[in-house]
Amino acid sequence: MEGNLPQQQCHPASTAVDKDDLVIPIIDFGPFLNGTPADKHEVAMSIVDAFKSSGFLYLKDHGVPPSVVSRVFGSSARFFSRPQDQKDGLCWTSPQSNRGYVKTGQEKLSMPDDVEGPSRTTPDLKETMEIGREGEDNLPNRWPDHFDEEGKDFKEVMLSFFDMCKSLHTEVMRAIALGMNLPEHFFDAYVDAGDNNLRLLHYPSVSKDTFKQNPGQVRAGEHSDYGSITLLFQDSRGGLQVRSPKGTFVDATPIADTVVVNAGDLLARWSNDIIKSTRHRVVEPPAAAGQEENGSDVYPDRYSIAYFCNPNRNQFIEAIPGTYEEESHPAKYPGITAGDYLMQRLAATI
């Protein structure tokens with residue numbers, strides 16, 4: 001799909017989604033990573049413009065090789081195919097840790113003000129594996145390396161990928177800084193610890209009747225993300241939908257070799273709501289364009305990989321300079337440490 005989009009010489013973005021007043025661009029990140037100062041500034045402005053308007057963008061030429069992404073997806077699928085008792089032995093224990101396995105139906109994503117919504121009463125149809133920063137005191141990751149060689153390989157693959165995503169997070173935050181007329185390295189000291197979360201997601205195959213008989217059922221409930229940004233790697237199945245300004249949900253169709261990047265609640269708060277944190281969800285996958293239903297009664301498995309990027313836990317987050325005026329446009333939110341904010345949000349999901 002990406003190859004069929006027109007190439008633009010003067011602007012680093014083309015359009016992935018344009019429906020119901022929701023516009024999500026595809027932005028070439030290569031000129032930011034390897035270009036001139038003028039190139040970097042142009043990409044940075046495109047990224048911040050997207051975050052101001054839709055809160056979402058697709059990033060290509062982002063520096064994470066497709067072969068690496070493919071290997072991570074393969075290792076993730078093999079992990080989720082393990083016996084249930086092995087996975088349960090690596091279970092998630094607490095919001096403070098946010099590491100380990102979460103079985104299907106345990107998590108119920110929803111917005112804090114949506115306590116009566118379907119996602120509160122209907123568990124999400126997914127299982128996840130949560131991986132945090134390695135080596136953090138008293139918060140160990142739950143690795144399957146003691147089971148077999150594949151478990152050892154899983155640990156190696158995920159640690160390497162975690163570091164690649166951490167580097168991409170740092171570069172995107174530098175682009176955001178430039179796009180907000182801040183020094184390029186403004187956010188470096190806020191994100192250098194890598195207090196991030198790698199989430200492997202498996203949406204098991206499910207009967208199509210499940211969605212027909214339960215109108216409120218989704219694979220992952222409507223929510224916004226909690227941290228600064230999220231890097232989302234999708235498989236080809238689809239199902240991600242983003243809420244439009246009109247209140248509809250629009251398909252964010254997978255595009256090969258891109259990563260979907262969206263702003264989270266903490267970045268919106270940090271920017272005094274100049275940047276949007278947009279609600280999204282995962283539903284049954286849409287029918288492929290130009291194809292009829294295959295007659296199957298089951299939606300197949302879906303896999304995705306989300307890297308949730310956060311400020312360092314001990315950093316105090318308050319409105320960024322330039323996003324408020326004491327008299328005409330004051331700061332909307334009191335300051336809070338990143339760790340306290342994220343723990344509060346995580347505690348509400350389980």
Side-chain angles (χ1 to χ4, degrees), residues 51 55 91-103 105-124 126 128-133 136-142 166 169 173 176 187 189-199 201 218 220-232 243 262-282 306-320 323-324 330-350:
F51 282 157
C91 66
W92 187 96
T93 55
S94 70
Q96 291 84 355
S97 170
N98 195 28
R99 290 161 167 83
Y101 171 74
V102 180
K103 65 183 179 182
Q106 185 173 343
E107 185 176 50
K108 302 175 184 178
L109 288 173
S110 68
M111 300 301 295
D113 58 351
D114 189 27
V115 293
E116 298 300 328
S119 57
R120 282 294 185 187
T121 57
T122 309
D124 294 344
K126 67 178 188 294
T128 71
M129 182 60 172
E130 315 288 337
I131 300 167
R133 175 164 63 90
E136 190 168 3
D137 291 344
N138 303 314
L139 297 175
N141 280 308
R142 312 298 304 277
K166 178 188 173 186
H169 170 215
M173 295 305 293
I176 293 169
F187 292 111
Y190 286 93
V191 302
D192 57 358
D195 282 331
N196 304 323
N197 175 247
L198 173 60
R199 168 177 280 197
L201 296 109
V218 290
E222 177 186 347
H223 65 284
S224 57
D225 292 343
Y226 310 151
S228 53
I229 62 171
T230 300
L231 310 175
L232 177 67
R243 185 168 182 153
N262 63 281
D265 294 340
L266 203 49
L267 182 58
R269 182 181 180 125
W270 213 348
S271 73
N272 209 31
D273 285 341
I274 290 174
I275 286 173
K276 292 183 178 179
S277 177
T278 304
R279 299 186 186 195
H280 49 284
R281 67 184 185 182
V282 179
Y307 187 80
F308 296 107
C309 304
N310 307 306
N312 302 343
R313 291 186 182 188
N314 63 352
Q315 286 287 358
F316 190 72
I317 305 302
E318 55 187 347
I320 296 168
T323 64
Y324 64 95
K332 295 182 178 181
Y333 306 101
I336 189 172
T337 62
D340 287 345
Y341 179 80
L342 294 168
M343 191 171 64
Q344 290 170 14
R345 295 296 302 275
L346 286 166
T349 67
I350 302 295

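These numbers come from the heavy atoms of this one structure, side chains and all, not from hydrogens, waters or symmetry mates.
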Would you check if the side chain of Arg142 reaches a backbone N or O of Cys91 as a donor-acceptor pair within less than 3.5 Å? yes
- Item | His223 side chain reached by His280 side chain, heavy atoms, under 4.5 Å | yes
A side-chain contact here means heavy atoms from C-beta on lying under 4.5 Å apart; do Pro311 and Trp270 qualify?
yes
*Check whether any side-chain heavy atom of Leu201 lies under 4.5 Å from a side-chain heavy atom of Arg199, and answer yes or no.*
yes
Rounded to the nearest 0.5 Å, the OG1 atom of Thr230 sits from the OH atom of Tyr307 at a distance of 11.0 Å
Rounding to 0.5 Å, atoms CZ (Arg279) and CG (Asn262) come to a distance of 14.0 Å
Do the side chain of Gln315 and the main chain of Ala189 share a donor and acceptor less than 3.5 angstrom apart? yes
With a 4.5 Å limit on heavy-atom distance, are the side chains of Ile229 and Phe51 in contact?
yes
Closest heavy-atom pair, Asn196 versus Cys309, reported as atoms and distance to 0.1 Å, is OD1-CA, 3.4 Å
By side chain to side chain donor-acceptor pair (under 3.5 Å), Tyr341 pairs with (sequence neighbours left out) Arg345
Between Glu130 and Arg99 (salt bridge meaning N to carboxylate O under 4.0 Å), is one present in this structure? no
*Is any side-chain heavy atom of Tyr333 less than 4.5 Å from a side-chain heavy atom of Ile317?*
no
Looking only at heavy atoms, the pair that brings Thr278 and Arg243 closest together is CG2-O, 3.4 Å
CG (Leu232) and CZ (Phe308) are apart, to the nearest 0.5 Å, by 8.0 Å
Please check if the side chain of Asn141 supplies one atom and the backbone of Gly132 the other of a donor-acceptor pair under 3.5 Å.
yes
Point to revise | Side-chain touch Asn98/Leu342, heavy atoms, less than 4.5 angstrom | key: no
For the pair Asn272 (side chain) and Ala319 (backbone), establish whether a donor and an acceptor sit closer than 3.5 Å, ignoring hydrogens and angles. no
| Does the side chain of Ser277 come within less than 4.5 Å of Arg269's, by heavy atoms? | no
Residues at least two apart in sequence or cross-chain that pass ring-ring contact (aromatic ring centres under 6.0 Å, His included) with Tyr324, listed by chain then number, are none
Side-chain (Asn310) to main-chain (Asp195) donor-acceptor, under 3.5 angstrom
yes
TODO: Would you indicate whether the side-chain heavy atoms of Leu139 and Ser97 approach each other to under 4.5 Å?
DONE: yes
**Request:** For the pair Ile320 and Ile274, evaluate side chain to side chain contact (heavy atoms under 4.5 Å, CB included) and give the outcome as yes or no after the intermediate values.
**Result:** CA-CA 10 Å; Ile320 296 168; Ile274 290 174; over 6 Å; no
What verdict does the side chain to side chain contact (heavy atoms under 4.5 Å, CB included) test give for Arg133 and Arg313, after you've listed the backbone C-alpha separation in whole Å, the side-chain angles of each residue and the deciding distance to 0.1 Å? CA-CA 12 Å; Arg133 175 164 63 90; Arg313 291 186 182 188; over 6 Å; no
Of all heavy-atom pairs linking Ser228 and Leu266, the shortest is N-CB, 4.4 Å
NZ (Lys276) and OG (Ser224) are apart, to the nearest 0.5 Å, by 13.5 Å
Nearest heavy-atom approach of Asn312 to Ala338 is O-CB, 3.4 Å
